[in-house]
Amino acid sequence: MSELHAPILDWYAAHARDLPWRHPDASPWSVLVSEVMLQQTPVSRVLPAHDAWLQRWPTPAALAADAPGDAVRMWGRLGYPRRALRLHAAALAMTERHGGEVPSTYDELRALPGIGDYTASAVLSFAFGQARPVLDTNVRRVHWRTLRGAEFPPDAVRAHERRDAAYLLPDDDATAATWSVAVMELGALVCTARDPRCGACPVAELCAWRAEGHPPHDGPPRRGQAWAGTDRQCRGRLMAVVREADGAVHLSRLEAVWADDAQRDRCLAGLVADGLLVPAGPTAYALP
DNA sequence: CAGACGTGGGT
DNA sequence: TACCCAAGTCT
């Protein structure tokens with residue numbers, strides 16, 4: 001255990017948010033759903049969606065029994081609706097291969113659609129209490145600041161980051177799981193990307209970035225995501241129309257929300273290829 | 001491995 | 001207002 005552990009664990013014990021998927025009785029399925037929803041979507045928007053989802057589909061088998069389009073509609077405005085599709089596919093796989101249970105090994109989790117390294121590790125750690133290094137954007141930022149004195153981590157995870165995370169992981173399973181969520185929470189609430197609250201940080205005295213006077217990011221400029229006029233915006237508009245509709249939607253209603261014919265057609269084809277939409281006749285589309 | 005992939009809220 | 005950001009995954 002390094003000198004970081006006690007202060008961060010104590011801080012977490014005092015300041016952790018009370019989130020449903022952290023309750024002792026939260027099922028692995030509840031944890032898995034939360035992790036997928038939290039991929040690139042803020043906690044505040046996940047909270048009600050997670051509650052409604054678990055209400056409707058308390059188990060993977062329950063979700064698997066419904067159409068994938070139901071999952072996409074239930075996903076609502078969380079963004080990246082492919083996650084809903086993959087979660088449904090994962091529920092199907094769990095029902096077929098794992099007796100309707102969330103698997104508890106890394107390889108089995110990684111084999112599920114939409115479950116990458118982070119989510120697999122998070123589920124093992126938070127749902128099954130296994131000691132696994134968990135490397136998300138919060139953890140990476142905390143590590144780069146405290147250990148390396150840099151404001152932001154680079155785009156790609158470096159090998160040493162996994163080494164650091166593994167080295168810092170407590171041996172004891174339960175402590176390891178708490179440690180991982182504690183570092184994430186610290187990154188989410190205190191060691192934030194913008195305007196970090198160093199005054200409230202339990203390890204401010206140990207932080208390399210603070211010791212060096214908060215040097216600004218000096219790597220390659222972080223690329224933002226274009227939005228206006230992009231296919232992503234177009235796809236979002238199209239999906240919103242179909243999601244809000246009862247059944248199949250005629251092409252004319254899709255034309256109404258995106259003027260550029262070529263781009264709209266391309267996006268429609270893309271959405272069909274992704275499985276987010278299915279053609280319903282020559283001029284209509286529906287959820288799968 | 002760089003780029004695609006939604007959405008809404010904070011500053 | 002415009003830009004930044006939020007517990008990533010997949011190709």
Side-chain angles (χ1 to χ4, degrees), chain A residues 12 16-17 19-22 26 30-50 72 75-87 89-90 109-127 132-143 151-159 165 177 180-189 191-196 217 220-244 257-258 263 266-267 270-271 273-276:
Chain A
Y12 181 73
R17 289 168 292 181
L19 303 173
W21 45 87
R22 287 181 183 165
S30 172
V31 172
L32 194 167
V33 170
S34 77
E35 292 302 340
V36 173
M37 286 183 169
L38 287 164
Q39 293 169 1
Q40 303 288 281
T41 300
V43 168
S44 59
R45 290 172 48 211
V46 165
L47 245 12
H50 178 268
V72 173
W75 198 253
R77 306 157 152 298
L78 284 183
Y80 293 144
R82 291 194 286 201
R83 290 182 292 166
L85 221 44
R86 290 174 180 152
L87 193 49
L109 283 164
R110 281 303 309 268
L112 298 174
I115 309 298
D117 174 68
Y118 163 74
T119 304
S121 299
V123 169
L124 288 176
S125 192
F126 307 145
R132 291 282 315 182
V134 176
L135 218 45
D136 79 325
T137 186
N138 289 305
V139 173
R140 294 188 66 214
R141 190 172 54 248
V142 171
H143 284 181
E151 184 180 19
F152 296 118
D155 287 340
V157 176
R158 305 289 178 78
S180 293
V181 74
V183 178
M184 288 174 61
E185 191 78 334
L186 186 65
L189 299 182
C191 194
T192 50
R194 272 178 310 180
D195 305 316
H217 180 67
R222 313 146 57 261
R223 55 183 198 283
Q225 294 188 338
W227 176 244
T230 61
D231 283 7
R232 302 229 318 285
Q233 184 185 31
C234 179
R235 289 165 57 106
R237 290 258 186 91
L238 298 172
M239 285 304 298
V241 172
V242 183
R243 199 196 303 134
E244 253 66 72
V257 298
W258 201 264
Q263 186 175 25
R266 179 174 71 243
C267 289
L271 289 168
D274 290 344
L276 282 165

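Residue numbering restarts at 1 for every chain, and letters A, B, ... go by the order of the sequence lines.
At the heavy-atom level, A:Gly236 lies under 4.0 Å from the strands shown only through sugar-phosphate atoms. Within 4.0 Å (heavy atoms only), A:Asp195 reaches no atom of the nucleic acid at all. At a threshold of 4.0 angstrom between heavy atoms, the contacts of A:Arg140 with the nucleic acid are absent. Among the protein residues, A:Ala122 comes within range of no part of the nucleic acid, since none of its heavy atoms lies under 4.0 Å from any strand. Among the heavy atoms of the strands lying under 4.0 Å from A:Trp21 is at least one base atom, whether or not backbone atoms are also near. A:Gly79 comes within 4.0 angstrom of a base, heavy atoms only. Residue contacts for A:Arg232: at a heavy-atom cut-off of 4.0 Å it reaches a base atom on one of the strands shown. At the heavy-atom level, A:Leu19 lies under 4.0 Å from base atoms of the strands shown. In this structure, A:Gln233 reaches neither bases nor backbone, as no heavy-atom distance under 4.0 Å exists between it and the strands shown. Residue A:Asp274 is classed as having no contact, given no heavy-atom separation below 4.0 Å to the nucleic acid. At the heavy-atom level, A:Ile115 lies under 4.0 Å from the strands shown only through sugar-phosphate atoms. If you check every strand for non-hydrogen atoms under 4.0 Å, A:Arg141 touches sugar and phosphate atoms only. Counting any heavy atom pair closer than 4.0 Å across all strands shown, A:Thr119 reaches sugar-phosphate atoms only and no base atom.
For the side-chain contact (heavy atoms from CB on, under 4.5 Å) test, residues two or more places apart in sequence or in another chain that qualify with A:Pro113 are A:Arg86, A:Ala89, A:Ala90. Residues satisfying the side-chain contact (heavy atoms from CB on, under 4.5 Å) test with A:Thr192, not counting sequence neighbours, are A:Pro196. Residues passing the salt bridge (charged side-chain N to carboxylate O under 4.0 Å, His left out) test with A:Asp274 are A:Arg82, A:Arg235, sequence neighbours excluded. Every residue two or more places apart in sequence or in another chain was checked for a side chain to side chain donor-acceptor pair (under 3.5 Å) with A:Trp21, and none qualifies. Shown here are the side-chain contact (heavy atoms from CB on, under 4.5 Å) partners of A:Thr41, two or more places apart in sequence or in another chain: A:Arg45, A:Val46, A:Leu78, A:Arg83. Under the salt bridge (charged side-chain N to carboxylate O under 4.0 Å, His left out) criterion, A:Arg17 pairs with A:Glu185, sequence neighbours left out. In this structure, A:Arg237 has no salt bridge (charged side-chain N to carboxylate O under 4.0 Å, His left out) partners at least two apart in sequence or on a different chain. Contacts of A:Asp117 classified as salt bridge (charged side-chain N to carboxylate O under 4.0 Å, His left out), with partners at least two apart in sequence or in another chain: A:Arg162. When the side-chain contact (heavy atoms from CB on, under 4.5 Å) test is applied to A:Arg77, the partners found at least two apart in sequence or on another chain are A:Arg243.
Among all heavy-atom pairs drawn from A:Met37 and A:Ala49, the shortest one is CE-O, 3.7 Å.
For the C1' atoms, the distance from C:dT11 to B:dC1 is 10 Å, rounded to whole Å. Nucleotides B:dG6 and C:dA6 have their C1' atoms positioned 12 Å apart, rounded to a whole Å. Rounded to whole Å, the separation between the P atoms of C:dT9 and B:dG8 comes to 23 Å. Comparing the same atom, C1', in C:dC5 and in B:dC5 gives a spacing of 16 Å after rounding to whole Å.
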*Report the C-alpha separation of A:Leu186 and A:Tyr12 in whole Å, then their side-chain angles, then the decisive distance to 0.1 Å, and conclude whether the side-chain contact (heavy atoms from CB on, under 4.5 Å) test is met.*
CA-CA 8 Å; A:Leu186 186 65; A:Tyr12 181 73; over 6 Å; no

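On the nucleic acid side, DNA chain C contacts chain A at distances under 4.0 Å to non-hydrogen atoms, with the end points of that region at C:dC4 to C:dC10. In 5' to 3' order, the nucleotides of DNA chain B bounding all contacts with chain A (an atom under 4.0 Å from a heavy atom) are B:dG3 to B:dG10.
A:Glu35 places none of its side-chain heavy atoms less than 4.5 Å from the side chain of A:Leu32. A:Arg266 has its side chain out of reach of A:Cys234: every pair of non-hydrogen atoms, C-beta onward, lies at least 4.5 Å apart.
Nearest-nucleotide positions on DNA chain C place A:Asn138 closer to the 5' end than the other of A:Asn138 and A:Leu112. Take the nearest nucleotide of DNA chain B for A:Ala156 and for A:Arg235: the residue whose nucleotide is more 5' is A:Ala156. Both A:Arg194 and A:Gly187 lie close to DNA chain C; mapped to their nearest nucleotides by heavy-atom distance, the more 5′-ward contact belongs to A:Arg194.
Near-neighbour residues of DNA chain C inside residues 40-50 of chain A, defined by a heavy atom below 4.0 Å, number-ordered: A:Gln40, A:Pro42, A:Val43.
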